[in-house]
Visitor: 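Questions regarding the structure given below will be posed in turn.
Note that this is a predicted model, so its numbers are computed, not measured.
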Amino acid sequence: MKLISTLMLALVAWTVAAPSPAAVPSGAGWQQLETDNFIIFSNLNEAATKEVGLDLERLQAVLEEIFPRAEFDSPLDTLLYLFKDRDSFEPYALPGGQSGYFAPHKHANFAAVVGSTPDDTLPVVYRQYLHEVINNNVPQVPLWFKHGLAEIFSTFQADGLMAQVALPIGGGEAAKMGLLGSERMPVSQVLATESLPGDPEKMNAFVQGSWALMHYLMVDDDERFAATRRFVGELAGDPTADVSIAEILGVDVGKLQAAVEAYIEQSPLPHREIPVPANVPTSVDLMPLEPQTTLFHLGDLLIHTNSDRQADAKAHFDAALALKPDFAPAIAGLGLVSEMGGDLNTAEKYYRQALEQLPDAFRLQVLFGEVELGLLGKRRPQTSEEQTRLDQAVAAFKKSVELRPGYGEGWALLGYSYNLEAKPSPDAVTTLERAYEMLPGRGDVAYNLLLGYARAGKRQEAIDLVATAEARGVTEEQLAPARQTLLQLDFQYAVALARDKKLDEAATLLEKVVAESADAGMKKQAADLLKQIRP
């Protein structure tokens with residue numbers, strides 16, 4: 001059933017103030033549309049809903065056509081809720097008065113907009129979706145590229161044959177200045193920026209500068225457009241490649257800055273037309289939703305995007321169960337409410353009950369596996385009961401990736417669970433390598449893979465992994481434990497070198513362990529061995 005394949009239950013990692021509670025709707029009048037990359041829930045009319053779905057697929061296809069080596073797809077489902085007007089959207093809005101939002105999570109991307117005003121609301125979805133697919137595929141590209149591309153494509157429009165990007169917003173000076181209308185950071189500073197400025201004005205200046213640079217690179221010149229594609233291709237092929245856009249263009253930064261400043265003074269600025277690939281569907285089908293199904297999905301949206309709305313989400317799940325008492329998705333929803341309240345045992349019971357009806361709901365399998373890990377304490381089992389919990393988690397995650405092989409989080413959790421086994425699992429490394437291939441921007445997945453390499457004694461693979469993670473923007477705080485793990489491998493390798501009488505190589509590694517290790521016991525062992533080598 002399509003309903004089951006879209007079961008979306010997970011904790012959102014941030015909290016915002018809750019709007020005033022609203023009455024639970026009837027759930028009537030909603031439809032579902034599934035495309036290759038998106039799932040849409042809508043109470044708009046049929047034609048408007050279909051057009052949004054087709055536009056999203058065109059966006060995806062155009063990105064993949066421009067940057068084929070980067071494989072601009074997502075390992076996550078992206079769920080878009082289209083509300084027919086502000087009144088129906090308001091109970092599910094976030095504070096601040098926006099008419100749309102995009103809330104990413106490791107289990108799925110959630111977006112909600114007032115669908116009757118797509119030109120005003122869909123740019124929010126396009127912009128944030130671009131950030132997600134970039135970070136999930138080529139996190140090693142510079143910060144300016146991520147923000148510049150997202151701004152250029154936020155104005156995406158297309159029909160069946162041709163797409164347009166970098167369209168102006170409004171007229172006059174607003175059209176000239178692009179989306180933000182703020183001061184622009186000079187190109188030299190944009191290229192040197194590695195993290196978003198904390199000051200809002202400086203951040204806006206950086207984003208505006210990134211927009212200007214990307215506009216110059218991608219819109220009005222085929223040679224620059226080709227150079228930008230080549231730049232991304234080189235980084236996609238080698239995440240540690242030391243290459244700059246100025247180098248690819250064959251100019252120094254000063255000349256590039258002058259060229260961008262001259263280009264951006266045009267009024268009006270040009271836009272770019274890109275053919276829509278022929279494999280994009282030209283029609284999609286809608287499926288009417290039963291009221292209990294709608295209520296589940298709306299409650300699911302609430303609990304994912306605002307953890308303060310647990311009571312409102314529960315009211316939606318309860319209303320769905322009032323319509324159909326054995327409705328498994330809503331039962332699983334009550335499990336999530338229990339889990340968020342800290343009652344893992346009750347959550348486990350709800351998940352088990354839902355799984356009896358929905359054994360092929362891949363994300364429900366993940367939720368059950370995660371609650372088993374939570375009850376285990378996310379540590380290696382110490383008793384037979386704890387081993388049973390780990391075995392159940394492994395079985396659930398295995399089932400999840402069997403049902404949805406392209407779901408990176410399932411592979412990541414399966415690999416993490418393998419690392420909890422008392423003896424190194426032969427499947428841990430290959431599983432985590434697959435997870436990291438799908439989720440290259442995730443520092444936690446990289447670290448778990450590093451642990452897998454360490455347990456398997458794969459020192460060089462571990463060294464290469466840390467270098468790649470650093471190039472992909474993993475923070476030094478996240479890298480610090482990884483570097484300590486590498487030192488353990490260095491110590492083991494130094495001992496082996498010493499046995500083989502390769503004393504100079506061994507001594508060099510031992511000196512590094514003594515200088516950098518935070519493990520007092522290993523540090524002492526390294527120092528003692530070093531004294532034997534170099535009395």
Side-chain angles (χ1 to χ4, degrees), residues 59 62-63 66-67 70 72 123-124 126-131 133-135 138 141-157 163-232 235 243-274 473:
L59 171 68
V62 167
L63 282 171
I66 296 174
F67 302 110
F72 272 95
V124 174
Y126 292 157
R127 185 180 294 117
Q128 294 304 318
Y129 179 72
L130 260 293
H131 280 291
V133 296
I134 293 170
N135 287 327
V138 279
V141 298
L143 194 64
W144 64 262
F145 179 91
K146 298 177 183 180
H147 285 270
L149 190 71
E151 295 301 330
I152 292 296
F153 270 80
S154 69
T155 61
F156 180 89
Q157 292 183 12
Q164 297 177 319
V165 298
L167 292 166
I169 301 295
E173 190 66 17
K176 179 180 174 182
M177 292 300 293
L179 297 176
L180 302 176
S182 67
E183 293 294 324
R184 285 195 313 276
M185 185 179 285
V187 169
S188 57
Q189 293 182 31
V190 167
L191 294 175
T193 300
E194 296 183 354
S195 59
L196 280 176
D199 179 77
E201 289 188 8
K202 290 181 179 179
M203 182 181 73
N204 283 342
F206 166 74
V207 175
Q208 185 69 16
S210 299
W211 164 82
L213 175 57
M214 187 62 75
H215 210 294
Y216 169 78
L217 292 172
M218 290 197 65
V219 174
D220 197 32
D221 184 275
D222 287 341
E223 289 187 8
R224 295 196 298 265
F225 183 72
T228 306
R229 297 177 70 185
R230 191 163 64 252
F231 171 67
V232 175
L235 288 173
V243 60
S244 70
I245 188 63
E247 179 184 352
I248 293 290
L249 291 169
V251 299
D252 61 34
V253 173
K255 289 184 178 179
L256 177 58
Q257 178 166 309
V260 172
E261 290 301 321
Y263 170 85
I264 215 71
E265 287 302 312
Q266 298 179 73
S267 183
L269 284 170
H271 65 273
R272 187 169 192 94
E273 294 190 344
I274 304 169

Visitor: Using 4.0 Å as the upper bound for N to carboxylate O, is an ion pair formed by D222 and R229?
Guide: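 Not counted as a salt bridge, because no side-chain N and carboxylate O are separated by less than 4.0 Å.
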Visitor: Using 30° and 60° as the class boundaries, would you call the ring planes of W144 and F231 parallel, tilted or perpendicular?
Guide: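 Judged by the thresholds at 30° and 60°, the geometry between W144 and F231 is parallel.
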Visitor: Answer whether the closest heavy-atom distance between the side chains of W211 and Q208 falls below 4.5 Å.
Guide: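 SC-SC contact between W211 and Q208 confirmed.
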Visitor: Could you tell me whether the side chain of L256 reaches within less than 4.5 Å of the side chain of I245, counting heavy atoms only?
Guide: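 In short, these two side chains touch, coming nearer than 4.5 Å.
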Visitor: Of the non-hydrogen atoms in R127 and S154, which two are nearest, and what is the gap between them?
Guide: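 That closest heavy-atom pairing would be NH2-OG, 3.5 Å.
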Visitor: Rounded to the nearest 0.5 Å, what's the gap from CG on L167 to CZ on R272? Could you check?
Guide: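 Reported to 0.5 Å precision, the distance equals 13.0 Å.
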Visitor: Please determine whether side chain to side chain contact (heavy atoms under 4.5 Å, CB included) holds for the pair L143 and F206, giving the CA-CA distance in whole Å, both sets of side-chain angles, and the decisive distance to 0.1 Å.
Guide: CA-CA 10 Å; L143 194 64; F206 166 74; 3.8 Å; yes
Visitor: For I248 and V243, run side chain to side chain contact (heavy atoms under 4.5 Å, CB included): C-alpha distance rounded to whole Å, both residues' side-chain angles, the deciding distance at 0.1 Å, then the answer.
Guide: CA-CA 7 Å; I248 293 290; V243 60; 3.7 Å; yes
Visitor: Of all heavy-atom pairs between V138 and A70, which one has the smallest distance, and what is that distance?
Guide: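 Closest heavy-atom pair between V138 and A70: CG1-CB, 3.9 Å.
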Visitor: Between CG of L149 and CD1 of I134, what distance do you get to the nearest 0.5 Å?
Guide: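 Output value for this atom pair is 4.5 Å.
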Visitor: Measuring from R224:CZ to D221:CG, what's the distance to the nearest 0.5 Å?
Guide: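 Those atoms lie 4.0 Å apart.
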Visitor: If we only count heavy atoms from C-beta on, is the H271 to T155 side-chain gap below 4.5 Å?
Guide: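 No, side chains not in contact.
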Visitor: For a quick test of reading the model, state the closest non-hydrogen atom pair linking A166 to V219 and the distance between them.
Guide: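 Closest approach of A166 to V219, heavy atoms only: CB-CG2, 3.6 Å.
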Visitor: Hey, what do you get for CZ (R184) to CG (N204), rounding to the nearest 0.5 Å?
Guide: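 Answer for the CZ-CG pair, R184 versus N204, is 13.5 Å.
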Visitor: Is any side-chain heavy atom of T228 closer than 4.5 Å to a side-chain heavy atom of I66?
Guide: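 A side-chain contact under 4.5 Å is absent here.
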Visitor: Measure the acute angle between the ring planes of F156 and F153, then classify it against the limits of 30° and 60° as parallel, tilted or perpendicular.
Guide: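 It falls in the parallel class, under 30°.
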Visitor: Hey, are the side chains of I152 and L130 touching, using non-hydrogen atoms and a 4.5 Å cut-off?
Guide: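 A side-chain contact is absent here, since even the closest heavy-atom pair is not under 4.5 Å.
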Visitor: To the nearest 0.5 Å, what is the distance between CG (D252) and OG (S244)?
Guide: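 The distance works out to 10.5 Å.
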Visitor: Any side-chain heavy atom of V190 sitting closer than 4.5 Å to one from P142?
Guide: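 A side-chain contact is absent here, since even the closest heavy-atom pair is not under 4.5 Å.
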Visitor: Using every non-hydrogen atom in the two residues, find where Q257 and V187 come nearest and quote the distance to one decimal.
Guide: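 Q257 and V187 have their closest heavy atoms at OE1-N, 3.5 Å.
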Visitor: Should Y263 and P270 count as side-chain neighbours, where that means a heavy-atom distance under 4.5 Å?
Guide: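 Side chain of Y263 against side chain of P270, heavy atoms only: contact under 4.5 Å found.
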Visitor: Give, for atom CG of L59 and atom CD of Q157, the distance between the pair rounded to the nearest 0.5 Å.
Guide: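 Spacing of CG (L59) from CD (Q157) equals 12.0 Å.
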Visitor: Ignoring hydrogens, what is the shortest heavy-atom contact between M218 and F67? Give both atom names and the distance.
Guide: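 Closest approach of M218 to F67, heavy atoms only: CE-CZ, 4.1 Å.
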